[in-house]
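A short write-up of the structure that comes next.
Sequence lines set the chain letters: A, B, ... in the order given, protein chains first and strands last, and positions in each chain run from 1.
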Amino acid sequence: MTTRTDTQARSARGPRFDPADYEQRWRDRWEADGLYRADDADPRQKHYLLTMYPYPSGDLHIGHWYAATGPDMVARMRRMQGLNVMFPMGFDSFGLPAENAAIDRGIHPAIWTNANIERMRAQFRTTGCGFDWSREVVVSDPRYYRWTQWLFLQFYRAGLAYRSMAAVDWCPKDQVVLAREQVEGADRHCWRCGTPVIKRDLEQWFFRITNYADELLDFTGMDWPEPIRLMQTNWIGRSEGAEIAFAVEADEVEPIRVFTTRPDTVFGATFMVLAPEHPLVPVLTTDERRAEVEAYVAAARRETEIERLSADRQKTGVFIGSHAINPMTQERIPIWVADYVLPGYGTGAIMAVPAHDERDGTFARTYELPIRYVVRPASGELPDDQAFVAHTADEVLVDSGEFTGMPASEAIGAITQQLADLGIGGPAVSYKIRDWLVSRQRYWGAPIPIMYCPEHGAQPVPEDQLPVLLPEDVDFAPTAVSPLQSHAEFLKATCPVCGGEARRETDTMDTFVDSAWYFLRYCSPNDDARAWNPQAVAHWMPVDLYTGGAEHAVLHLMYARFFVKALRDMGHLSFDEPFVALRNQGQILGADHQRMSKSRGNVVNPDDLTSRYGSDTVRLFLMFIGPWDQGGPWNPTGIEGIHRFLGRVWHIAQAEPTNGESLLGEAQELQRALRRATHTTIAAVTEEYGAFRFNTAISKLMELSNAIAHARGAGIGATAAYGEAVDALLLLLAPGAPHIAEELWARRGRDYSIHQQPWPAYDPALAVADTLELPVQVDGKLRDRLVVTRDTPAEEIERLALASEHVQRYLDGRPPRRVIQVPGKLVNVVTPGD
RNA sequence: GGGCGAGUGGCGGAACGGCAGACGCGCCGGCCUUAGGAGCCGGUGUCGCAAGACGUGCGAGUUCGAAUCUCGCCUCGCCCACCA
């Protein structure tokens with residue numbers, strides 16, 4: 001063995017470790033060599049790896065690094081494994097912040113946005129991420145949004161884009177209509193600024209995503225995180241039940257149609273409730289009730305969603321004077337209007353079954369309406385407290401005519417059938433999901449390519465007139481109307497039917513329309529003749545692996561799926577889903593555990609860190625702090641550890657070789673052990689990169705580097721095993737720390753580039769140890785360890801275990817009750833007990 | 001209110017039902033140094049001089065064996081929220 005001083009004498013000095021000496025140089029070289037350019041004609045198997053593009057807010061922060069480094073590591077490994085990887089990047093550059101900057105500071109949104117893009121593009125390069133910048137997509141570029149508009153026209157022609165008057169969520173601060181998905185929380189606030197929204201009636205453009213509700217529920221063959229699939233499923237909110245028509249006591253008035261998931265409780269329907277917005281409300285209101293009903297409806301309309309939902313769930317409503325007939329009991333039941341019934345769900349009207357629905361029950365008790373029990377638990381009587389809410393299985397009908405005694409699960413079908421036979425009902429499905437509202441009364445978005453002719457109404461802009469360009473000379477006063485509405489030049493259009501003067505649509509599209517297809521544009525980003533080249537899309541799509549934040553679970557990720565399905569049905573695409581596999585990264589929070597934002601002042605700027613430690617250290621540190629899908633509050637303590645690790649790698653990869661101090665046999669055993677460490681590390685790291693477990697992968701690289709350092713100290717630094725270990729370490733490290741890996745690879749005289757080398761091969765034969773250390777338990781508690789050769793027979797292991805004095809102490813000379821062996825794992829001796 | 005997820009050292013976190021705390025930070029001791037805020041070596045769950053005992057939010061259960069599985073509770077986070 002060498003002495004410590006020997007080791008130190010050799011390990012001291014050597015080339016200085018300073019990432020500033022080489023990081024930028026390599027990035028320039030990679031860029032110049034087009035190392036990450038994906039070629040459509042490359043015969044190797046394609047692999048489309050995509051990470052969500054950012055909004056160009058101004059500067060790259062540590063969260064961008066975190067989000068990008070994970071997939072970059074996978075992309076780099078896949079390239080080395082021989083795949084033809086496409087890993088593009090772009091900018092989601094339409095949207096509100098640019099316009100707000102224009103209002104606040106008088107900078108034109110395009111100038112502000114483009115300056116940000118330029119800055120962020122440069123900052124992205126310092127991350128060392130291997131993006132193919134030749135495929136960059138910028139959605140606010142007319143060369144892109146021209147095709148966003150073209151897609152709108154395709155949807156319009158297919159009947160999937162339509163215009164409708166709608167009460168919409170309106171953010172009074174941002175002065176903009178919001179999609180339902182963009183209104184959050186119990187107080188119904190704007191997802192961007194947090195201001196509570198109000199309702200406004202406006203003529204709006206919608207995409208018919210509801211046509212695809214059922215198909216969007218199908219995740220067959222998709223490798224997506226369970227929580228995301230669940231959120232989309234809940235958002236779509238499919239319910240099966242029945243629709244039932246209740247005749248009303250009024251001449252020539254259509255019946256009230258209701259949707260219910262529990263048609264088996266129809267015998268218990270003792271009143272009906274219409275939403276205030278329901279069209280039959282004015283029809284069925286009697287004259288003596290009219291004043292009160294109109295006041296109630298007007299109040300409900302005036303109230304914001306917040307007030308309507310909060311108010312401590314106090315249920316309010318008004319009797320409208322008319323009655324309906326329960327089709328089963330033939331009883332007259334009163335019709336009420338109440339705002340707890342929502343206009344947008346089901347039919348906007350319900351049959352109220354107060355005995356078995358909590359909300360109806362509350363309402364009935366408030367207004368002293370009759371409560372009739374028609375279901376009881378299969379075992380036992382109704383509970384005394386009269387609060388039995390029917391739920392699912394294991395219930396039996398009571399007081400329900402011919403259906404009495406029938407299990408509820410059976411009665412659902414039987415009663416639905418009878419209603420169908422009577423011609424007043426039948427099975428029905430209802431969804432929570434609504435059509436996607438895409439109109440925005442803002443400037444900085446893709447103009448909707450529609451015009452309005454006084455003669456011929458809404459007309460699509462002819463495709464050869466695209467793009468409808470955003471005018472540059474606009475006034476950005478913060479008003480409720482889009483600045484486009486006051487731009488005379490923009491408004492002027494010519495009707496394609498009659499050639500007369502038409503008025504251009506001034507709404508722009510939701511930015512989620514831009515991002516619903518950007519992954520297609522990456523396949524042929526510079527094709528100015530069409531949205532995408534069908535061959536290129538056929539080659540690259542679908543995306544093999546998509547990464548991004550879980551916050552897009554029901555927004556972007558559902559819209560993109562909808563787009564692909566709709567375009568498939570129009571004949572433009574020939575696959576069903578855009579993203580085969582999905583992984584979500586966690587969020588890096590500020591040190592105060594809050595979401596990073598400029599206003600909170602908790603944004604971590606990576607520049608200070610990179611100038612001090614270099615990009616590799618920052619990348620590796622971010623990937624090391626915990627599971628990638630978990631994120632967490634920013635805490636830079638510990639970055640020194642990563643830097644020290646890279647310093648050690650620097651050193652062991654190029655320090656003077658050390659050989660000869662060990663005895664021959666000892667040296668051979670040391671080499672075997674080092675090769676074992678090398679090959680177990682190759683296997684483990686390969687597996688863990690693929691599973692996005694970067695933190696444990698890096699810990700294993702640290703272990704290997706420690707093993708290499710010890711091997712050097714032990715005097716085998718000039719052996720082939722040592723060289724193999726260092727080469728493997730650099731190759732395995734290359735995805736996470738591309739610069740230092742390249743630099744050391746070059747310094748070791750290897751061929752440029754390390755990033756084009758084959759991924760190290762794992763030899764299982766070298767990874768197995770010939771001796772094992774078996775834990776010996778007594779009654780499940782660790783008491784001793786056995787060191788045995790791998791081929792020791794079980795009987796021998798048992799004999800050795802029982803012979804152990806630590807085991808004997810617990811056996812007290814008695815024979816064991818059992819001895820359990822998990823081959824290669826452990827021995828457990830079970831004592832006879834008392 | 002409903003759904004989903006998570007609770008492990010001083011800290012970030014490891015651990016196919018099988019050695020709890022890998023790896024790293026921090027801390028303690030040492031070496032080397034004119035010096036060390038560099039580097040290297042060793043130690044570090046708690047209690048205990050030790051042998052050992054106890055330890056994964058709390059309480060039960062299944063099992064030869066539970067951080068891991070089951071049930072109940074507590075706390076935190078995220079999503080949804082009058083959806084008939």
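The P atoms of U56(B) and C69(B) are separated by 15 Å, rounded to the nearest whole Å. Using atom P as the reference point in both G52(B) and C4(B), the two lie 46 Å apart (nearest Å). Taking the C1' atoms as reference points, G21(B) lies 16 Å from G26(B), given to the whole Å. The same atom, P, is picked in G29(B) and in U34(B); the two are 22 Å apart, to the nearest Å. For the P atom pair drawn from G43(B) and C23(B), the interatomic distance equals 11 Å after rounding to whole Å. Between the C1' atoms of C49(B) and A53(B), the separation comes to 15 Å (whole Å). The gap from the P atom of C28(B) to that of G37(B) amounts to 12 Å, rounded to the nearest Å. Taking the C1' atom of each, C19(B) and G65(B) are spaced 12 Å apart, rounded to whole Å.
Between G13(B) and Ser699(A), no contact under 4.0 Å exists linking OP1 or OP2 to a side-chain N or O. Distances shorter than 4.0 Å separate some side-chain N or O of Arg644(A) from OP1 or OP2 on C25(B). One finds no side-chain N or O of Gln630(A) lying less than 4.0 angstrom from the OP1 or OP2 phosphate oxygen of A6(B). Within the 4.0 Å cut-off from OP1 or OP2 of G2(B), not a single side-chain nitrogen or oxygen of Asn234(A) is found.
Leu802(A) places its CG atom 18 Å from the P atom of C64(B), with the value rounded to the nearest Å. If you measure from atom CZ of Arg238(A) to atom C1' of G3(B), you get 20 Å, rounded to the nearest angstrom. Counting to the nearest Å, the P atom of A84(B) and the CZ atom of Phe259(A) are 6 Å from each other. In this structure, the CE atom of Met558(A) is 14 Å from the C1' atom of C79(B), given to the nearest Å. Atom pair Glu551(A):CD and C80(B):C1' shows a separation of 16 Å (rounding to whole Å applied). Atom C1' of nucleotide G26(B) and atom CD1 of Ile639(A) are separated by 16 Å, given to the nearest angstrom. Here G3(B) presents its C1' atom at 14 Å from CD1 of Ile228(A), a figure rounded to the nearest Å. Distance Lys700(A) NZ to A15(B) P: 7 Å, rounded to the nearest Å.
Nearest nucleotide to the Leu782(A) side chain, out of G13(B), A20(B), C80(B): A20(B). If you check G12(B), A14(B), C16(B) against the side chain of Asn695(A), the one that comes closest is A14(B). With G24(B), A84(B), C19(B) as the candidates, the nucleotide lying closest to the side chain of Met702(A) is G24(B). Closest to the side chain of Glu703(A), from the set A22(B), C19(B), A14(B), is A22(B). Nearest nucleotide to the side chain of Thr637(A), out of C25(B), C82(B), A15(B): C25(B). Of the candidate nucleotides C4(B), A84(B), A14(B), A84(B) has the atom lying nearest to any side-chain atom of Val341(A). Ranking C82(B), C64(B), C23(B) by closeness to the Ile820(A) side chain, first place goes to C64(B). Distances were taken from every side-chain heavy atom of Trp235(A) (C-beta onward) to each of A84(B), C23(B), C80(B); the shortest belongs to C80(B).
Checked against a 6.0 Å centroid threshold, the rings of Phe271(A) and Phe363(A) count as neighbours.
With hydrogens and angles ignored, a donor-acceptor pair closer than 3.5 Å exists between the side chain of Lys315(A) and the base of C82(B). Residue Gln777(A) places a side-chain atom within donor-acceptor reach of the base of G18(B), judged by atom type and a 3.5 Å distance cut-off alone.
Where Gly631(A) and Asn828(A) each meet RNA chain B at their nearest nucleotide, the meeting point lying more 5' is that of Gly631(A). Residue whose closest nucleotide on RNA chain B sits further toward the 5' end, between Glu773(A) and His710(A): Glu773(A).
Backbone-only contact: Ile625(A) has heavy atoms under 4.0 Å from sugar-phosphate atoms and none from a base. Using a 4.0 Å heavy-atom criterion, one finds that Leu230(A) contacts the sugar-phosphate atoms exclusively. Contact annotation for Arg693(A): no contact, since no heavy-atom pair falls under 4.0 Å across all strands. Contact annotation for Ser239(A): backbone-only contact, meaning every heavy-atom pair under 4.0 Å involves sugar-phosphate atoms and none involves a base.
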Intra- and inter-strand pairs of RNA chain B in dot-bracket (Watson-Crick or G-U wobble, both distances under 3.5 Å; | for another strand) = (((((((..(((.....[....)))((((((.......))))))(((....)))..(((((..]....))))))))))))....

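Glycosidic conformation of G30(B): anti, with the torsion beyond 90° of 0.
Among all heavy-atom pairs drawn from Pro354(A) and Gly268(A), the shortest one is CD-O, 3.8 Å. Across Ile820(A) and Val830(A), no two heavy atoms sit closer than the pair CD1-CG2, 4.3 Å. Between Gly317(A) and Tyr367(A) the shortest heavy-atom distance is N-OH, 3.1 Å. Ala801(A) and Val827(A) make their closest contact through CB-CG1, 3.9 Å (heavy atoms, listed as atom of the first residue, atom of the second, distance).
Glu805(A) CD: 12 or fewer foreign heavy atoms inside a 6.0 Å radius.
Taken from CG in Leu774(A) to CD1 in Ile797(A), the straight-line distance is 5.0 Å, to the nearest 0.5 Å. To the nearest 0.5 Å, atoms CZ (Phe219(A)) and CG (Leu230(A)) are separated by 9.0 Å. For the atom pair Met558(A) CE and Ile228(A) CD1, the distance stands at 12.0 Å (nearest 0.5 Å). For the atom pair Tyr373(A) OH and Thr265(A) OG1, the distance stands at 13.0 Å (nearest 0.5 Å).
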Protein-to-nucleotide contact annotation, 5' to 3' order, nucleotides 45-56 of chain B [B base; S sugar-phosphate only; - none; under 4.0 Å, heavy atom] = -------SS---

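The main-chain N or O of Gly631(A) is never found under 3.5 Å from a side-chain atom of Gln585(A) such that the two would form a donor-acceptor pair. In this structure, the side chain of Asp616(A) engages the main chain of Ile740(A) through a donor-acceptor pair within 3.5 Å.
The side-chain heavy atoms of Phe694(A) and Leu622(A), taken from C-beta on, include no pair separated by under 4.5 Å.
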